[in-house]
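Protein chains get the first letters and strands the later ones, always in sequence-line order, with residue 1 at the start of each. Model, not experiment: these values are computed from the prediction.
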Amino acid sequence: MKQLLQACFLLLLISTTLRAQETPAPTARRVNEQATVSGYIKDAANGEGLIGVSVFVKETGAGITTNSYGFYSLTLPAGTYNLVYTYVGFARQTRTVDLTGENVRLNIELQEEGRELQEVTVSTRREDDNVKSMAMSVNTVEMKTIQKMPALLGEVDVVRSIQLLPGVSTVGEGATGFNVRGGNVDQNLVLLDEAPVYNSSHLFGFFSVFNPDAVKDVKLVKGGIPALYGGRISSILDVRMKEGNSKRTTVSGGIGLIFSRLTIEQPLFKDKDGQARGSFIIAGRRSYADVLAKPFLTGDLKGSRFFFYDLTAKANYRINDKNTIYASGYLGRDVFGADFGFNWGNATTSLRWNHVFSDKLFLNTTAFYSNYDYLLDSDLKRENQKDFFNWKSSIINYSVKPDFTLFLKNNTLTFGGQAIIYDFRPGEANAASGGEVRSFGLESKYALESALYIGNEQQLSRRVQLQYGLRYSLYNYLGPGESYEFQTDVPAGKRRFPVSTTTYDRNEVIQTYGNWEPRFSAKYELNEVSSLKVSYNRLAQYLHLVSNTTASTPLDVWTPSTNNIKPQLADQIAGGYFRNFGKTGTEFEASVELYYKWLQNQVDYIDGAELLLNKYLEGDLLNGKGRAYGAEFYLKKNRGDLTGWISYTLAKTERFVDGINNNRWFPTRFDKRHTLNAVALYDLNKRWSFSASFAFATGTPGTFPTNGYLFQGYLIPHNAESSRNNYRIPPYHRIDLSATLQNRKKRPDQKWESNWVFSVYNAYGRKNPFSVFFRQAEEKRTVMLNGEQVQIPVAEAVRYSVFATLIPSATYNFKF
Amino acid sequence: MKNIHICGFSIVHVILFGLLLLGLTSCEDPIDINLKTGPVQLAVDGWLTDQPGPQTIRLMRTAGYFDAAQPPAALGATVIVADEDSVIHEFIDLKGNGTYVWTPKNGETFGKIGKKYLLGIRYEGQEYYAISQMQPVPTVDSLVFREEKLNPVSSETGFLSEFYATDLPGQADYYWIRTYHNGKRLDGTNNIVVSYNGSFNGSADTDGLLFIQPIRWSINPEDLYQMNDSVRVEVLSITPDAFYFFQQLSTQINNGGLFASPPANVPTNIVNRNASGPKAVGFFGVSALSSRTARVEPGTIRPSDD
């Protein structure tokens with residue numbers, strides 16, 4: 001607590017110092033020496049706030065971009081200026097603004113460029129963002145692009161799309177989540193309108209939980225992470241939902257092989273001039289294979305349920321010029337079962353309040369609730385009252401998060417804080433045998449994570465821009481509950497048994513951790529078309545996903561840091577060269593980035609760790625460290641009929657854990673030396689467009705046996721060196737293709753728009769290995785041994801492929 | 001796919017069901033791979049019970065993985081098992097094939113409940129040992145059959161076997177359950193069944209309860225039993241480290257698919273007296289055994305639940 005107070009104090013100090021700098025003594029100040037222009041920038045077609053629009057002052061070269069809510073503020077010396085508003089895919093607007101008098105409020109609506117001129121935009125918003133923006137190690141993918149990329153079973157998927165970006169990998173296709181620059185799947189902060197999503201997958205990992213029809217913007221931050229963000233150590237996947245059309249009611253939807261989708265957007269509270277003060281969007285998806293299968297399910301399978309759905313909704317209301325509120329929610333679930341049942345899902349709700357204190361000070365306050373839970377039941381119908389088993393588990397959190405932005409002359413100051421209350425319920429279980437019911441399971445665990453941060457983006461000179469900040473995070477592991485001390489004299493890599501237990505009362509602090517997390521980035525513009533950027537960041541993470549399987553499963557349990565589990569820490573340095581070239585200067589953009597990352601307190605597991613419903617789980621966990629380094633090359637074509645990108649990543653990701661691999665570094669399960677991805681989108685004419693993507697990656701490592709032996713007739717693989725990940729499975733490569741046919745409009749003013757999307761996943765049907773494993777074949781072999789006939793097992797190496805064939809699909813989409 | 005059992009609930013079935021949608025696309029096919037062979041070690045396969053008849057301990061040498069189904073025998077070893085009262089049982093390689101046998105005198109059986117046993121092996125100048133203990137075992141009270149469909153979509157039926165036994169109350173008990181179908185042991189990789197207090201693993205509090213249903217049903221082959229089949233179920237008491245050994249064994253030989261565990265060596269309780277000498281693999285255990293044999297016939301068939 002003391003440290004938090006210190007951090008508070010520091011924050012105050014910094015902000016007052018900066019304010020003092022900005023505000024010279026009153027005597028020295030002439031009236032209206034400078035003035036501020038500020039406002040919201042929206043899409044003229046639907047009233048959506050536009051994120052990252054460039055506002056550029058023609059006369060001085062100064063500029064800024066809009067924040068996540070479409071707000072901007074620029075302070076300039078008194079004078080008259082021409083402001084240029086640019087955003088890729090939208091017509092440029094120039095406004096003359098008189099800043100000799102009062103501060104000016106200037107809300108802008110940008111028109112999308114005409115269909116003929118419209119370019120498929122790939123990932124940048126500001127045309128020269130690549131070079132001019134402060135950010136490095138950031139990839140944004142426009143929803144328009146994601147929607148045009150070939151998709152598995154035709155289902156447009158945010159998470160699958162970002163896997164084609166440099167620095168992003170997975171343990172294999174079909175696996176939940178993604179790995180960024182050598183980080184684990186639990187090290188990505190996946191935010192949906194600022195609320196964290198704990199499991200981003202439907203159906204174990206085949207589809208992500210984000211409904212593409214409701215998503216407005218996707219941003220992946222892999223490095224140089226600003227002080228605003230914290231809580232996970234590898235990346236931030238910031239998914240922003242649409243606000244809903246505030247101009248007119250629209251309905252859109254589609255029918256694909258897996259999901260049927262429907263989205264409704266509507267303006268709210270229209271005034272006399274037809275201006276809406278708010279809007280909402282509600283979007284739903286549901287798989288429908290079970291509906292089609294229903295007539296065929298008879299007998300014991302009657303009543304079988306297997307489906308997944310999600311519902312996304314958001315509403316906003318502009319109270320007045322200074323206040324806007326947003327409410328958004330997500331509810332998704334996967335349900336499987338007949339007699340037995342298994343279901344899991346996320347629910348999030350966030351409430352946000354945007355308040356403009358003045359032309360310079362902007363506040364967004366978010367309050368959110370997030371829940372992930374699952375339920376297993378051996379007998380849903382309770383036909384057998386005597387023998388059953390059920391189990392549920394959840395992680396719930398509540399948070400408040402005020403974020404201030406102060407727009408000053410050459411500085412944009414951000415500061416704020418966050419408090420998150422965690423309620424972990426690792427497992428409540430009931431089992432009955434022969435009519436006797438026993439309840440067991442684990443007690444809830446509680447924690448409070450709080451943070452304060454301050455960051456500044458500073459234009460030092462025309463060429464040099466800095467972004468620096470500091471975040472202090474404080475974590476309390478709280479009672480009621482028990483803490484355990486474990487044996488210390490156990491050889492590394494073996495189970496440690498508890499030696500003592502301490503009981504704590506409600507809100508009593510069991511363990512406290514605090515971390516200073518410095519962040520820094522710098523940009524030096526070599527010239528108009530190229531820049532150099534460097535960054536350093538430290539991040540701390542207090543939650544851990546306990547998962548020891550190749551792909552994480554929906555059953556994996558999140559666990560807090562405790563007196564035995566230390567918070568994960570990551571330090572990353574990155575540097576890069578960024579350059580734009582080609583027609584209009586920004587036809588192509590290219591970058592080369594190098595990174596090195598050190599990871600501490602990585603959770604690993606003893607062999608045979610008991611991870612579920614284990615009170616003494618901590619005794620089965622190991623503490624390791626990691627290192628990841630690599631180079632990412634990226635070339636993107638932004639303009640023309642043909643657009644797309646090529647990315648190549650050369651990387652190495654290793655881990656060191658006492659007691660594993662003879663105490664030597666070993667490659668992680670998702671370590672891939674070479675990753676090459678290419679995406680091409682081509683507009684043939686107004687009706688047809690095509691896209692293709694190619695993915696190549698070095699095979700992931702696997703642990704292969706060196707020897708074998710028999711025990712009670714079973715053939716047991718054995719690694720005489722006790723090594724981990726000593727071989728590599730064959731490389732992975734795949735091409736996906738897709739074609740979109742825009743249906744003709746009968747009249748030019750027809751509202752109804754529709755298209756067909758045809759796609760082929762894994763076009764040449766390669767049996768890409770997910771893993772290679774070793775087993776004894778089901779059939780045994782009979783041999784003569786010492787004159788006796790004996791059956792012996794047959795050893796085989798097996799390649800397991802998730803999608804071993806090409807997968808065609810067709811999707812129909814509509815909008816009116 | 002790893003057979004994750006959570007307190008009697010096999011997730012595999014659920015997951016397989018869920019993957020029906022995409023199951024058609026995934027595939028497992030054998031491939032050729034060259035593996036480097038590591039140094040050869042002594043492999044011990046020794047499980048002794050309190051049943052009448054000779055007891056055997058098999059000694060082998062590890063081989064390259066693809067040759068390991070026919071491992072070379074470890075010959076010329078001296079093998080003894082001593083109890084805590086220093087009664088020594090000598091195991092002799094009668095046929096010269098690495099199978100070391102102790103033959104009891106008339107009416108004599110091996111082992112007493114509660115006693116510890118030490119295995120001693122002298123082989124190629126190294127001395128290895130292992131310790132086990134004979135734990136108590138509950139009786140198998142009954143073994144019955146019910147007519148059921150082979151699977152929910154099948155029209156064929158078979159007889160599902162269920163045995164009843166009650167966990168010994170008041171202590172942590174570990175069991176290994178073996179099944180014989182017409183005299184032949186069910187020896188598929190998914191037929192390794194071990195139980196803690198009549199449940200699957202250490203998290204459930206099932207002390208003193210009737211063995212839970214999935215354990216009672218764990219003695220069935222995939223296509224169930226047919227009329228007049230003979231079924232024998234054996235419950236063997238085992239030590240906690242043997243339970244852990246079998247769990248690891250089961251995990252490691254059923255370890256493919258999306259949710260595989262990291263491959264790791266199955267643990268061993270065989271120790272070389274010379275800590276820097278070559279290590280051995282395998283396991284030595286002693287068990288008290290209770291069993292029941294029944295034939296599928298009207299007298300053992302119970303009405304099915306539906």
Revision key, fill the gap. Correct closest heavy-atom pair for B/Leu186 and A/Tyr714 would be O-OH, 4.2 Å
Check your understanding: Do you know which of B/Asn97, B/Val40, B/Asp187, B/Thr166 has the most heavy-atom pairs with chain A at a distance under 4.5 angstrom?
Key -> B/Asp187
Revision key, fill the gap. In this structure, CZ of A/Phe773 is separated from OG of B/Ser261 (nearest 0.5 Å) by 12.5 Å
Revision key, fill the gap. In this structure, CD1 of B/Ile33 is separated from CZ of A/Phe704 (nearest 0.5 Å) by 4.5 Å
Point to revise | Most chain A-contacting option - heavy-atom pairs closer than 4.5 Å, from B/Ala63, B/Ala43, B/Pro263 | key: B/Ala63
Check your understanding: With a 4.5 angstrom heavy-atom cut-off, which part of A/Val171 approaches chain B: side chain, backbone, both or neither?
Key -> neither
Check your understanding: Would a 4.5 Å heavy-atom cut-off, applied to side chains only, mark A/Pro717 and B/Val266 as touching?
Key -> no
Review point. How long is the span from the CD atom in A/Glu610 to the CD atom in B/Gln247, to the nearest 0.5 Å?
Key: 5.5 Å
Review point. Of the backbone (N, CA, C, O) and the side chain (C-beta and beyond), which part of A/Val783 lies under 4.5 Å from a heavy atom of chain B, both, or neither?
Key: side chain
All N/O donor-acceptor pairs, side-chain side in residues 65-75 of chain B, below 3.5 Å, sequence neighbours left out:
{"from": "B/Tyr65", "atom 1": "OH", "to": "A/Arg775", "atom 2": "N", "distance (Å)": "3.3"}
{"from": "B/Tyr65", "atom 1": "OH", "to": "A/Arg775", "atom 2": "O", "distance (Å)": "3.3"}

Check your understanding: Is there side-chain contact between B/Thr268 and A/Phe711, with at least one heavy-atom pair below 4.5 Å?
Key -> no
Exercise for review: Flag the pair A/Arg669 / B/Pro262 as yes when at least one side-chain heavy-atom distance between them is below 4.5 Å, and no otherwise.
Suggested key: no
Check your understanding: Of the backbone (N, CA, C, O) and the side chain (C-beta and beyond), which part of A/Glu721 lies under 4.5 Å from a heavy atom of chain B, both, or neither?
Key -> side chain
Exercise for review: For residues B/Pro267 and A/Asp607, determine if any side-chain heavy atom of one lies less than 4.5 Å from a side-chain heavy atom of the other.
Suggested key: no
Point to revise | Within 6.0 angstrom of A/Lys494 NZ, more than 12 heavy atoms from elsewhere | key: no
Check your understanding: Picking from A/Glu796, A/Arg781, A/Arg495, A/Lys615, which has the most non-hydrogen pairs under 4.5 angstrom with chain B?
Key -> A/Glu796
Check your understanding: Closest heavy-atom contact between B/Gln248 and A/Gly608?
Key -> NE2-CA, 2.8 Å
Check your understanding: Taking all non-hydrogen atoms of both residues, which atom of B/Arg216 and which atom of A/Gly434 are closest, and how far apart?
Key -> NH1-N, 4.2 Å
Practice item. Check each atom of A/Arg724 against the heavy atoms of chain B and say whether the ones under 4.5 Å are side chain, backbone, both or neither. Key: side chain
Review point. Side chain, backbone, both or neither: which part of B/Phe283 has a heavy atom under 4.5 Å from chain A?
Key: both
Review point. CD1/A/Ile716 to CG/B/Leu249 distance, rounded to the nearest 0.5 angstrom?
Key: 4.5 Å
Exercise for review: Measure distances from A/Lys386 to the heavy atoms of chain B and classify the residue's part below 4.5 Å as side chain, backbone, both or neither.
Suggested key: neither
Practice item. Just give me the residue among A/Leu442, A/Thr550, A/Thr703 that pairs up with chain B most often, heavy atom to heavy atom, under 4.5 Å. Key: A/Thr550
Exercise for review: Below 4.5 Å from any heavy atom of chain B, which atoms of A/Gln791 appear? Answer side chain, backbone, both or neither.
Suggested key: side chain
Check your understanding: Taking side chain as C-beta onward, heavy atoms only, is A/Gln712 less than 4.5 Å from B/Asp45?
Key -> yes
Point to revise | Residue part contacting chain B, namely of A/Ser552, when any heavy atom lies under 4.5 Å | key: backbone
Point to revise | chain A contact via B/Lys279 - which portion, at a heavy-atom distance below 4.5 Å | key: neither
Point to revise | OG1-CG distance between B/Thr37 and A/Asn707, expressed to the nearest 0.5 angstrom | key: 6.0 Å
Point to revise | Reported CD1-to-CZ distance for the pair B/Ile31 and A/Arg799, which is rounded to 0.5 angstrom | key: 6.0 Å
Point to revise | Interface moiety of A/Phe774 toward chain B, non-hydrogen atoms closer than 4.5 Å | key: both
Practice item. Taking the side chain as every heavy atom from C-beta outward, state whether A/Glu436 and B/Leu210 have any pair of such atoms under 4.5 Å apart. Key: no
Exercise for review: Check whether any side-chain heavy atom of B/Leu35 sits under 4.5 Å from a side-chain heavy atom of A/Pro705, and report yes or no.
Suggested key: yes
Point to revise | Contacting region of A/Ser722 [heavy-atom separation from chain B under 4.5 Å] | key: both
Practice item. Give, as side chain, backbone, both or neither, the part of B/Asp167 having an atom under 4.5 angstrom from any heavy atom of chain A. Key: neither
Practice item. Counting only heavy atoms closer than 4.5 Å, note whether A/Glu779 contacts chain B via side chain, backbone, both or neither. Key: neither
Check your understanding: With a 4.5 Å heavy-atom cut-off, do B/Lys36 and A/Asn726 have their side chains touching?
Key -> no
Exercise for review: Identify which part of B/Ile215 has an atom lying under 4.5 Å from any heavy atom of chain A, answering side chain, backbone, both or neither.
Suggested key: neither
